[in-house]
Amino acid sequence: MEVAKADGWRYLALKPQEVESLTPREFTILMRAQQERQFDEYERMAFASIMQESATRAKRPKASDLFKRPVDVDAAEKKVEDLLKKSRNASEWMEQFTLFTAERSDEINE
């Protein structure tokens, strides 16, 4: 129990009475969550150092070069649909020329 109290204080900032009020399963869950939180912090620090180094090496760094905020899923899907529609329209427009029609390409292959 002394080890659990020490770990609770060291890693979770829990007082001994708070550690004693937890079940062993609850304590284990909190310890794993703390470990994941620490890994998340390491990831953030690594990302920050990479961004710092990238900004230092760039001639004219921009915030958008270093970090792009994740986009809204609906907006991204709409953008994809719009691009697909433009692509179809361009294909339809190109088909008016005999060089790009399927019939013309069959003639060329013969």
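What you see below is based on every heavy atom in this structure, not just the backbone, and it leaves out hydrogens, waters and symmetry mates.
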For the [atom1] atom of [X] and the [atom2] atom of [Y], what is their distance to the nearest 0.5 Å?
{"X": "S21", "Y": "E18", "atom1": "OG", "atom2": "CD", "value": "6.5 Å"}
{"X": "Q35", "Y": "D40", "atom1": "CD", "atom2": "CG", "value": "11.0 Å"}
{"X": "Q34", "Y": "E41", "atom1": "CD", "atom2": "CD", "value": "10.5 Å"}
{"X": "I29", "Y": "T23", "atom1": "CD1", "atom2": "OG1", "value": "7.0 Å"}
{"X": "E53", "Y": "T56", "atom1": "CD", "atom2": "OG1", "value": "5.5 Å"}

Name each donor-acceptor pair under 3.5 Å that joins a side chain in residues 3-15 to protein atoms two or more places apart or in another chain, with its distance.
residue : atom : partner : partner atom : Å
K5      : NZ   : E20     : OE2          : 2.6

Determine whether more than 12 heavy atoms belonging to other residues, nucleotides or ligands lie under 6.0 Å from atom CZ of R44. yes
Other than F39, what residues sit in its cluster of Ile, Leu, Val, Met, Phe, Trp and Tyr side chains whose heavy atoms are under 4.5 Å apart, directly or through others? Y42, M45
Any donor-acceptor pair under 3.5 Å from S54 side chain to I50 backbone: no
Within the side chain of S87, is there an N or O that forms a donor-acceptor pair under 3.5 Å with the backbone of L83? no
Hey, are D82 and K78 close enough for a salt bridge, meaning a charged N less than 4.0 Å from a carboxylate O? yes
